Amino acid sequence: MSRKYWLMKSEPGSFSFDDLRASPGATTCWEGVRNYQSRNFMRDDMKKGDRVLFYHSSCEEPGVVGIAEVSRDAYPDPTAWDPKSRYYDPKSSPDVPVWFMVDITCREPFKRAVTLQALKDAPELSAMKVVQKGQRLSVQPVTQEEFDRVCEMGMKG
DNA sequence: GCCAACGTTGGC
DNA sequence: GCCAACGTTGGC
(Lines give C-alpha, C1' and ligand atoms only; values in the text may rest on other atoms or scores of the structure.)
Protein backbone atom coordinates (compact mmCIF):
# COMPACT_ATOMS: atom_id res chain seq x y z
CA MET A 1 0.00 0.00 0.00
CA SER A 2 1.50 3.27 -1.04
CA ARG A 3 2.07 6.29 1.08
CA LYS A 4 -0.45 9.10 0.86
CA TYR A 5 -0.15 12.84 1.19
CA TRP A 6 -2.22 15.37 3.12
CA LEU A 7 -2.56 18.98 4.10
CA MET A 8 -3.59 19.76 7.66
CA LYS A 9 -4.57 23.19 8.91
CA SER A 10 -3.85 24.66 12.29
CA GLU A 11 -4.19 28.13 13.67
CA PRO A 12 -0.70 29.05 14.88
CA GLY A 13 -2.31 31.04 17.68
CA SER A 14 -3.54 27.80 19.18
CA PHE A 15 -1.06 25.25 17.83
CA SER A 16 1.82 26.15 15.53
CA PHE A 17 4.48 24.12 13.77
CA ASP A 18 6.93 25.33 16.40
CA ASP A 19 4.59 23.99 19.05
CA LEU A 20 4.75 20.63 17.29
CA ARG A 21 8.55 20.70 17.24
CA ALA A 22 8.58 21.55 20.93
CA SER A 23 6.17 18.76 21.86
CA PRO A 24 7.48 15.60 23.54
CA GLY A 25 8.87 13.43 20.77
CA ALA A 26 7.91 16.25 18.37
CA THR A 27 4.56 14.48 18.31
CA THR A 28 1.01 15.54 19.01
CA CYS A 29 -2.44 14.07 18.80
CA TRP A 30 -4.59 15.93 16.30
CA GLU A 31 -7.53 16.46 18.58
CA GLY A 32 -10.59 18.58 17.96
CA VAL A 33 -11.53 17.84 14.36
CA ARG A 34 -15.33 18.10 14.29
CA ASN A 35 -16.09 17.86 10.62
CA TYR A 36 -17.27 14.59 9.11
CA GLN A 37 -15.35 14.80 5.88
CA SER A 38 -12.10 15.57 7.66
CA ARG A 39 -12.83 12.81 10.17
CA ASN A 40 -13.41 10.32 7.39
CA PHE A 41 -10.08 11.16 5.80
CA MET A 42 -8.32 10.62 9.11
CA ARG A 43 -10.24 7.54 10.14
CA ASP A 44 -10.48 5.74 6.81
CA ASP A 45 -7.59 6.84 4.64
CA MET A 46 -4.71 8.12 6.76
CA LYS A 47 -2.07 5.62 7.69
CA LYS A 48 1.09 5.74 9.71
CA GLY A 49 3.88 6.91 7.45
CA ASP A 50 1.75 9.24 5.36
CA ARG A 51 3.23 12.69 4.82
CA VAL A 52 1.59 15.94 5.87
CA LEU A 53 1.91 19.54 4.74
CA PHE A 54 1.49 21.56 7.93
CA TYR A 55 -0.55 24.67 7.10
CA HIS A 56 -1.02 27.79 9.20
CA SER A 57 -4.47 29.33 8.84
CA SER A 58 -6.21 32.40 10.24
CA CYS A 59 -2.98 34.29 10.73
CA GLU A 60 -0.98 37.12 9.22
CA GLU A 61 0.60 35.00 6.53
CA PRO A 62 -1.31 31.81 5.87
CA GLY A 63 0.70 29.04 4.24
CA VAL A 64 2.54 25.74 4.50
CA VAL A 65 5.37 25.98 7.02
CA GLY A 66 6.74 22.47 7.26
CA ILE A 67 6.42 18.73 6.88
CA ALA A 68 5.04 16.26 9.35
CA GLU A 69 4.31 12.56 9.28
CA VAL A 70 1.38 10.52 10.48
CA SER A 71 2.82 8.53 13.37
CA ARG A 72 -0.30 6.71 14.56
CA ASP A 73 -3.39 5.46 12.76
CA ALA A 74 -6.73 6.97 13.75
CA TYR A 75 -8.16 6.33 17.21
CA PRO A 76 -11.07 7.88 19.13
CA ASP A 77 -10.68 11.51 20.21
CA PRO A 78 -11.26 11.52 23.98
CA THR A 79 -11.81 15.28 24.14
CA ALA A 80 -15.22 14.62 22.57
CA TRP A 81 -16.51 13.03 25.75
CA ASP A 82 -14.89 15.44 28.18
CA PRO A 83 -17.56 17.97 29.20
CA LYS A 84 -14.86 20.43 30.18
CA SER A 85 -13.18 20.33 26.77
CA ARG A 86 -13.89 22.98 24.20
CA TYR A 87 -14.24 20.08 21.78
CA TYR A 88 -16.92 18.34 23.84
CA ASP A 89 -19.63 16.69 21.78
CA PRO A 90 -22.32 14.70 23.62
CA LYS A 91 -22.95 12.63 20.47
CA SER A 92 -19.67 10.84 21.10
CA SER A 93 -19.00 8.36 23.90
CA PRO A 94 -16.22 5.88 24.71
CA ASP A 95 -18.53 3.04 23.66
CA VAL A 96 -19.62 4.67 20.42
CA PRO A 97 -16.99 7.21 19.45
CA VAL A 98 -17.95 9.67 16.75
CA TRP A 99 -14.75 11.67 16.44
CA PHE A 100 -11.28 10.37 15.67
CA MET A 101 -7.76 11.70 15.54
CA VAL A 102 -4.30 10.65 14.42
CA ASP A 103 -0.89 11.44 15.84
CA ILE A 104 1.52 13.45 13.78
CA THR A 105 5.23 13.94 14.23
CA CYS A 106 7.41 16.75 12.99
CA ARG A 107 9.75 15.84 10.16
CA GLU A 108 11.18 19.07 8.88
CA PRO A 109 10.48 22.80 8.92
CA PHE A 110 10.60 24.62 5.61
CA LYS A 111 13.45 27.03 5.04
CA ARG A 112 10.85 29.44 3.83
CA ALA A 113 7.09 29.28 4.30
CA VAL A 114 5.13 28.58 1.14
CA THR A 115 2.44 31.21 1.46
CA LEU A 116 -1.11 30.81 0.29
CA GLN A 117 -0.34 33.49 -2.27
CA ALA A 118 2.61 31.45 -3.57
CA LEU A 119 0.37 28.39 -3.83
CA LYS A 120 -2.17 30.44 -5.78
CA ASP A 121 0.54 31.78 -8.05
CA ALA A 122 1.70 28.28 -9.03
CA PRO A 123 -0.40 27.06 -11.97
CA GLU A 124 0.57 23.43 -11.31
CA LEU A 125 -1.01 23.70 -7.86
CA SER A 126 -4.33 25.13 -8.96
CA ALA A 127 -6.16 21.88 -8.20
CA MET A 128 -5.24 21.97 -4.52
CA LYS A 129 -8.29 22.42 -2.37
CA VAL A 130 -6.57 24.95 -0.17
CA VAL A 131 -6.34 27.49 -3.00
CA GLN A 132 -10.00 27.13 -3.91
CA LYS A 133 -12.52 29.62 -2.69
CA GLY A 134 -14.75 28.49 0.10
CA GLN A 135 -12.80 25.32 0.71
CA ARG A 136 -12.67 24.93 4.46
CA LEU A 137 -11.62 21.34 5.04
CA SER A 138 -9.03 21.22 7.80
CA VAL A 139 -7.76 17.83 6.61
CA GLN A 140 -7.45 17.39 2.88
CA PRO A 141 -5.70 15.03 0.49
CA VAL A 142 -2.99 16.28 -1.85
CA THR A 143 -1.31 14.42 -4.69
CA GLN A 144 2.27 13.28 -4.51
CA GLU A 145 3.11 15.74 -7.28
CA GLU A 146 1.59 18.62 -5.31
CA PHE A 147 3.35 17.51 -2.16
CA ASP A 148 6.71 17.29 -3.88
CA ARG A 149 6.28 20.65 -5.53
CA VAL A 150 5.36 22.42 -2.29
CA CYS A 151 8.36 20.82 -0.58
CA GLU A 152 10.59 22.01 -3.38
CA MET A 153 9.27 25.54 -2.98
CA GLY A 154 9.72 25.44 0.79
CA MET A 155 13.22 24.01 0.69
CA LYS A 156 14.86 26.21 -1.87
CA GLY A 157 17.21 28.76 -0.42
C1' DG B 1 -13.87 43.31 12.12
C1' DC B 2 -16.13 42.02 7.85
C1' DC B 3 -18.26 38.82 5.14
C1' DA B 4 -18.62 34.93 1.74
C1' DA B 5 -18.97 30.17 1.70
C1' DC B 6 -20.01 26.22 3.72
C1' DG B 7 -21.83 22.57 7.18
C1' DT B 8 -25.24 21.46 10.60
C1' DT B 9 -29.59 21.69 12.87
C1' DG B 10 -34.33 21.44 13.38
C1' DG B 11 -39.16 22.68 12.17
C1' DC B 12 -42.42 21.35 9.03
C1' DG C 1 -36.80 15.50 2.35
C1' DC C 2 -36.80 20.51 2.05
C1' DC C 3 -34.92 24.67 3.44
C1' DA C 4 -34.27 28.68 6.55
C1' DA C 5 -31.61 29.88 10.41
C1' DC C 6 -27.58 29.60 12.60
C1' DG C 7 -22.63 28.76 13.65
C1' DT C 8 -17.98 28.26 11.89
C1' DT C 9 -14.06 28.87 8.90
C1' DG C 10 -10.69 31.60 7.22
C1' DG C 11 -8.97 35.13 3.89
C1' DC C 12 -8.70 39.83 3.66
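Just so it is clear: chains get the letters A, B, ... in the order the sequence lines come, proteins before strands, and each one is counted from 1. The model shown is predicted, which means the values in this text are computed figures rather than measured ones. All values below come from the heavy atoms of this structure, side chains included, with hydrogens, waters and symmetry mates left out.
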Q) Got a donor-acceptor contact below 3.5 angstrom from the A:D50 side chain to the A:K47 backbone? A) yes
Q. Between C:dG10 atom P and A:Q132 atom CD, what is the distance in whole Å?
A. 14 Å
Q. Donor-acceptor pair, A:S10 side chain versus A:F15 backbone, under 3.5 Å?
A. yes
Q: Verify, without hydrogens or angle tests, whether A:Q132 (side chain) and A:G134 (backbone) share a donor-acceptor contact under 3.5 angstrom.
A: no
Q: Calculate the interatomic distance between A:Y55 atom OH and C:dG11 atom C1'; express it in whole Å.
A: 8 Å
Q.
Between P on C:dC12 and CD on A:Q117, what's the gap in Å once rounded to a whole number?
A. 7 Å
Q. Aromatic ring centroids of A:F54 and A:W6 under 6.0 Å?
A. no
Q: May I have the distance from A:F15 (atom CZ) to C:dG10 (atom P), rounded to whole angstrom?
A: 17 Å
Which side-chain N or O atoms in residues 18-31 of chain A pair as donor and acceptor under 3.5 Å with protein atoms at least two apart or in another chain?
unit_1 : atom_1 : unit_2 : atom_2 : d
A:D19  : OD2    : A:S16  : N      : 2.8
A:D19  : OD2    : A:S16  : OG     : 3.2
A:S23  : OG     : A:D19  : O      : 2.7
A:T27  : OG1    : A:G25  : O      : 2.8
A:T27  : OG1    : A:T105 : OG1    : 2.7

Pairs under 3.5 angstrom, nitrogen or oxygen only, protein versus nucleotides 2-9 of chain C, please.
unit_1 : atom_1 : unit_2 : atom_2 : d
C:dT8  : O2     : A:R136 : NH1    : 2.6

Q: Please state how far atom CD in A:Q135 lies from atom P in C:dG10, giving the value in whole angstrom units.
A: 9 Å
Q. Is any side-chain N of the basic residue among A:R149 and A:E146 closer than 4.0 Å to the acidic one's carboxylate O?
A. no
